[in-house]
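This chain uses plain numbering: 1 for the first residue, then up along the sequence.
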Amino acid sequence: MNHRLVSASQKYICQLKNTQQFSRQFSSFILLLSLLIVTDSTWAQCKLEQMEIPVHIVNRRPIATLKLNGVDVPLLVDSGAFFSFLTPSTATELDLYLKKLPSGLSLEGYTGRIEAKLTRVEKVGLLGTELKNVEFIVGGNELGSGIKGILGRNILAIADTEYDLAHGVVRLSFPKGDCKKNNFAYWAGEAPVIVAPLETGFNRVDTAIHVDVKVNGTRDQALLDTGAPWTTLTLKYAKKSGIEEQDLIPNGRTGGAGEGFEKSWTARVARVEVAEEKINDSRLRVDDVTSKNQGMILGLDYFLSHRIYVSRLQNQMYATWNGVPIFAQGSATPSQFDNRYAALPADVPKNDADALARRGSAATSAENYAKALEDLNQACALAPDVSEYRYLRAQLHLDMRQPNLALADLDEAIRLDPAKDEARIRRASLRAGKGDKQAALDDLKKLGDTLPPSSHLRIKIADLYNALDQTQQALTQFDLWIKTHQKDSKLAAALNSRCWLRTKLNLDLKLALQDCKDAASKDKGSAAHHDSLAWTYLRLNDAAQAIEAFDDAIKIEAKPLSIYGRGLAKLKLNDTNGGEADLAKARALMPNIDERVRKYGFKLVEEAKPNEALGE
C-alpha cells in the first residue's frame, strides 16, 4: 500500500526516530545473522549477513507474523508503507495506550487521508529475538485475510532488503566489507540482471523504492509496493501515455489505506519498460487517484515474477525475472527474454514443510495452481499437524473451484486449531453455500461467542447471518462492528447493509433511514447507498424524497431495481406515464424484477395506491 507523510515542519520525524531505535536494537543481535558466502571472485572483499523473514501469501497479501507483547500478530509486508501500522481493532485487543501523532504530522493513503494515532508496543518478537518499546502508528482500514497491521519500511528498510516472495521470504541484508561495486543479484548466474537507480529526488531520507519507468515511451516514476495486490497506473499517467478514454474498461471502484474510494479501469498497455526490461502487450489496472510521487505502482504481481534486491549502500535496485507472467491482469513476459534467460529458482529443501508451504502460497497467488498444489500437498504430508498448511491448501482449492476439497481441508485446519477464526468463517460461508444451514450457524455462533467485540470478522458474520435470514443476530454483529470501526472505509457499506436489512423487514425505519443517510453521505459515489436510501423513503411513504434518492443512484449506475423503485414512487405521486415507463424499462432489463421486489417485502405496483405506504 502507498502511505505518505504530509507535514509542514516535521516530515519523517517518526520514521527517523524509529529507524535510529531499530539500528541500535538490530546491532545488539547482529551475531544471530546467517552469513551468506558467495564464491564468485568479485565477492572476495564483500560478505552478506542476512536475516530471513518468512512470508505466507494469502489472497494476494504477503503476511509475516510477529509477536507483540507475546501475542502472534499477522502483519502485511508492505514496502509501500513508510512506517509500521496496527489496525485500531488490534490496538484495542492488545490493550495498547494511544496518543496523538506529533504536531503538524498527517498521513495520506492511496485513496485519501488516514486518521491515526501513535502507540508503543513493549515487546516485539522478530526473527527469533525481542525488540523493546517499538512505536507503531494506529489507523487505516481492516485488510482482511486475518491481517492485523502493517510491517513497513521503518523495519524493512533498516538494511538492504531482498524480496524473494516467489519463495515466501524477505531478507534483511547487511553488506560487510568493500561492497560498493558488487552486483547484489548474487543468485542470478547467467540470467540477465535488471539494474535501476533508486529515485529519491530532493528527499534523501525517503526509503520508498522509486525507479524510473516508461509506459508507451512516456517516462514517470514507479513505486515498488508489496502491499498493492496488482500493478496499477494512475489515470493521469495512463492518459499521458496515450491511453484513450475509450480504451478504459470499467472495473468498479478501488480503495486503499485512506478513506474513500475512486474509480478503477483495466486497459491494454503496449509497452512497459523498467530499466533494461521491456514488457509488451500488458493489461493493467488504471485508478483515478492523485499522486505527486509516482504515476505507477509495481505491485505484488511484479514481485512474484521477480527476485529483487534493494541496495541502500549503492542506491540501486537489482532484479531478475523468474520466468513467469509478470502482471496479474495478463500474461506479459519480457520481450527480450525467454525462459532460458530466467534466473534459476532457489532450491527449497524437500523436508522443509514451511518453506514448501510458503512457496506454495506464492504460487497460488501467481495462479500457478499445479505447482502450488504440489508444494502444499508435500507440506501437509510432512507436517500433518500444522493447521496453517491445511488452511493455505483450502485457499488453493477455493481458487481452483474445488469447494468439497476446500471444505475437507478447512475441517482439518479447525480440528487442529479450533481458534483459527479465518478458517472457521470460510467454512461457515461454504456450509451456507451448500445449504447446510445449521452447520453454518454453529460456526457463526462459535465465532460470535469467542471473538473480541472489535474483531474485523464481525462484519462477515453479520453478512452471513443476514444471508441465512437470522435478522437479530445479523443486527447484533453489525452493531458491534460499526461501533468499533468508525474510521474504517467500509463503514458506509456496513451502515448501508444494516439499513437495507431493516428496510426489507419494515423494522425500525427511523434507525434505518439514519443509517442510509449516513452511508450515502460518507460515500456519495456508491449507487447502492442512494438506492437503499430511496427504498427506505418508500417504506416511509415519502415518494418525493424517494424519487430524488433514486435519481442520485441512477446518475451513478442505472440499475433495474432503482428504475423500478422510481417507477413505484412516481405512481405514488400520480405520475402514471412516468411510473409506467420506468416499470417497463426495468422489466425489460430484468424480466423477473416483480418477483425480486416481492421477495424484498414490497407491494407490487398493482397493489399500490397513491398516498398509501408501499410497505406492509
Participant: Could you tell me how the ring of Phe82 sits relative to the ring of Phe85: parallel (under 30°), tilted (30 to 60°) or perpendicular (over 60°)?
Facilitator: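 Phe82 vs Phe85 ring planes: perpendicular.
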Participant: Under the side-chain contact (heavy atoms from CB on, under 4.5 Å) rule, what do Arg359 and Lys371 come out as? Steps first, then yes or no, please.
Facilitator: CA-CA 9 Å; Arg359 188 172 70 178; Lys371 181 60 180 173; 3.3 Å; yes
Participant: For Ser241 and Asn216, work out which heavy atoms get closest and say how close.
Facilitator: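 The pair with the smallest heavy-atom distance is O-ND2, 3.1 Å.
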Participant: So Phe136 and Leu96, do their side chains get closer than 4.5 Å, heavy atoms only?
Facilitator: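 They are not in side-chain contact.
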Participant: So, does Gln314 use its side chain to make a donor-acceptor pair with the main chain of Asn182 at under 3.5 Å?
Facilitator: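 Yes, the answer is positive, given that a donor and an acceptor are paired below the 3.5 Å cut-off.
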Participant: For Gln221 and Gln294, which heavy atoms make the closest approach, and how far apart are they?
Facilitator: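 Smallest interatomic distance, heavy atoms only, reads O-CB, 3.3 Å.
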Participant: Looking at CD1 of Ile155 and CZ of Phe83, how far apart are the two atoms once the value is rounded to the nearest 0.5 Å?
Facilitator: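 Result: 8.5 Å between the selected atoms.
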Participant: With distance as the sole test, does Thr119 use its side chain to make a donor-acceptor pair with the main-chain N or O of Tyr97 at under 3.5 Å?
Facilitator: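 Here the side-chain-to-backbone pair exists.
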Participant: Distance-only, no hydrogens or angles: does the Asp178 side chain make a donor-acceptor pair with backbone N or O of Cys46 under 3.5 Å?
Facilitator: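 No, the answer is negative, given that no donor and acceptor are paired below the 3.5 Å cut-off.
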Participant: Would you say Asn154's side chain and Ser84's backbone share a donor-acceptor pair under 3.5 angstrom?
Facilitator: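 Checked: pair present.
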Participant: So, do Tyr369 and Glu367 sit near enough that their side-chain heavy atoms are less than 4.5 Å apart?
Facilitator: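 With C-beta onward as the side chain, the pair touches.
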Participant: Can you see which heavy atom on Val193 is nearest to which on Ala185, and at what distance?
Facilitator: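 So the two residues come closest at CG1-CB, 3.8 Å.
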Participant: How far apart are the closest heavy atoms of Arg219 and Tyr237, and which atoms are they?
Facilitator: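 So the two residues come closest at C-OH, 3.8 Å.
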Participant: For Leu156, is there any backbone N or O sitting under 3.5 Å from a side-chain donor or acceptor partner on Thr161?
Facilitator: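 Answer holds: yes.
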Participant: Closer than 3.5 angstrom, by distance alone: can the side chain of Thr231 be matched with the main-chain N or O of Gly299 as a donor-acceptor pair?
Facilitator: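 Yes, Thr231 side chain to Gly299 backbone: donor-acceptor pair under 3.5 Å.
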Participant: For the atom pair NZ (Lys117) and NZ (Lys99), what is the distance rounded to the nearest 0.5 Å?
Facilitator: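 Lys117 atom NZ to Lys99 atom NZ measures 12.5 Å (nearest 0.5 Å).
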Participant: On a heavy-atom basis, which atom in Ile326 and which in Glu277 lie closest, and how many Å separate them?
Facilitator: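 Of all heavy-atom pairs spanning Ile326 and Glu277, the closest is CD1-OE2, 3.6 Å.
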Participant: So, do Glu93 and Val71 sit near enough that their side-chain heavy atoms are less than 4.5 Å apart?
Facilitator: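 When only atoms from C-beta onward are counted, Val71 and Glu93 do not touch, as no gap falls below 4.5 Å.
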Participant: What's the separation between atom OG1 in Thr364 and atom CD in Gln395, rounded to the nearest 0.5 Å?
Facilitator: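 Those atoms lie 8.5 Å apart.
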Participant: Would you give the length of the straight line joining atom OG1 of Thr65 to atom CD1 of Ile147, rounded to the nearest 0.5 angstrom?
Facilitator: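 So the gap between those two atoms works out to 10.0 Å.
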Participant: Just verifying a value: how many Å separate Asp409 CG and Leu376 CG, rounded to the nearest 0.5 Å?
Facilitator: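 Going from the CG atom of Asp409 to the CG atom of Leu376 covers 9.0 Å.
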Participant: Going through the checks in order, is the side-chain contact (heavy atoms from CB on, under 4.5 Å) test met by Ile57 and Leu300?
Facilitator: CA-CA 10 Å; Ile57 300 177; Leu300 180 66; 4.1 Å; yes
Participant: Determine whether Ile194 and His306 make a side-chain contact, defined as any pair of heavy atoms from C-beta on separated by less than 4.5 Å.
Facilitator: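 In contact.
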Participant: Any luck finding a side-chain donor-acceptor pair between Arg271 and Asn280 under 3.5 Å?
Facilitator: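 There is such a pair (donor and acceptor under 3.5 Å, judged by atom type) between the side chains of Arg271 and Asn280.
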Participant: Between Glu49 and Lys47, is there a side-chain N and carboxylate O pair less than 4.0 Å apart?
Facilitator: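 No, Glu49 and Lys47 are not salt-bridged.
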Participant: Salt-bridge test for Glu388 and Lys420: reply yes if a basic N is under 4.0 Å from a carboxylate O, no otherwise.
Facilitator: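 Salt bridge present between Glu388 and Lys420.
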Participant: Verify whether one side chain among Asn322 and Arg307 offers a donor that lies under 3.5 Å from an acceptor in the other.
Facilitator: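 Arg307 and Asn322 do not have a side-chain donor-acceptor pair below 3.5 Å.
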Participant: Can you measure from CG (Leu76) to CG (Leu151) and round to the nearest 0.5 angstrom?
Facilitator: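 It is 8.5 Å, given to the nearest 0.5 Å.
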Participant: In plain terms, say whether Asp160 and Arg312 are close enough for a salt bridge, that is, a side-chain N and a carboxylate O under 4.0 Å apart.
Facilitator: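 Here Asp160 does not pair with Arg312 in a salt bridge, since their nearest N and O are not under 4.0 Å apart.
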Participant: Is atom CG of Asp385 surrounded by more than 12 heavy atoms (other residues, nucleotides or ligands) closer than 6.0 Å?
Facilitator: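 Enclosed.
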Participant: Describe, in one word, how the ring planes of Tyr318 and Tyr309 are oriented to each other, choosing from parallel (under 30°), tilted (30 to 60°) and perpendicular (over 60°).
Facilitator: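 Answer is perpendicular, since the angle exceeds 60°.
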Participant: State, to 0.1 Å, how close Ala91 and Leu98 come at their nearest heavy-atom pair, and which atoms those are.
Facilitator: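 Shortest heavy-atom contact: CB-CD2, 4.1 Å.
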Participant: Does some side-chain heavy atom of Asp354 sit less than 4.5 Å from a side-chain heavy atom of His56?
Facilitator: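 His56 reaches Asp354 side chain to side chain.
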Participant: Are the side chains of Leu94 and Leu68 in touch, meaning some heavy atoms are under 4.5 Å apart?
Facilitator: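 With C-beta onward as the side chain, the pair touches.
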Participant: Donor-acceptor pair, distance only, cut-off 3.5 Å: does the side chain of Asp164 make one with the backbone of Val169?
Facilitator: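 Not a single qualifying donor-acceptor pair exists.
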Participant: Donor-acceptor pair, Tyr163 side chain versus Ser79 backbone, under 3.5 Å?
Facilitator: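 Side chain of Tyr163 to backbone of Ser79: no pair is present.
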Participant: Do Ser264 and Asp287 have a side chain donor and acceptor closer than 3.5 Å?
Facilitator: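 Yes, side-chain donor-acceptor contact under 3.5 Å.
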Participant: Indicate yes or no: at least one non-hydrogen side-chain atom of Asp375 is less than 4.5 angstrom from one of Leu356.
Facilitator: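 Asp375 vs Leu356: side chains touch.
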Participant: Show your working on side-chain contact (heavy atoms from CB on, under 4.5 Å) between Phe327 and Val269 and close with a plain yes or no.
Facilitator: CA-CA 11 Å; Phe327 298 126; Val269 178; over 6 Å; no
Participant: Would you check, one step at a time, whether the test side-chain contact (heavy atoms from CB on, under 4.5 Å) holds for Val386 with Leu416?
Facilitator: CA-CA 7 Å; Val386 177; Leu416 292 168; over 6 Å; no
Participant: Under 4.5 Å between any side-chain heavy atoms of Cys380 and Arg393, yes or no?
Facilitator: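 SC-SC contact between Cys380 and Arg393 confirmed.
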Participant: Taking the side chain from Arg171 and the backbone from Gln50, do they hold a donor-acceptor pair closer than 3.5 Å?
Facilitator: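 A pair under 3.5 Å: no.
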Participant: Between Thr90 (side chain only) and Lys148 (backbone N and O only), is there a donor and an acceptor less than 3.5 Å apart?
Facilitator: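 Side chain of Thr90 to backbone of Lys148: a pair is present.
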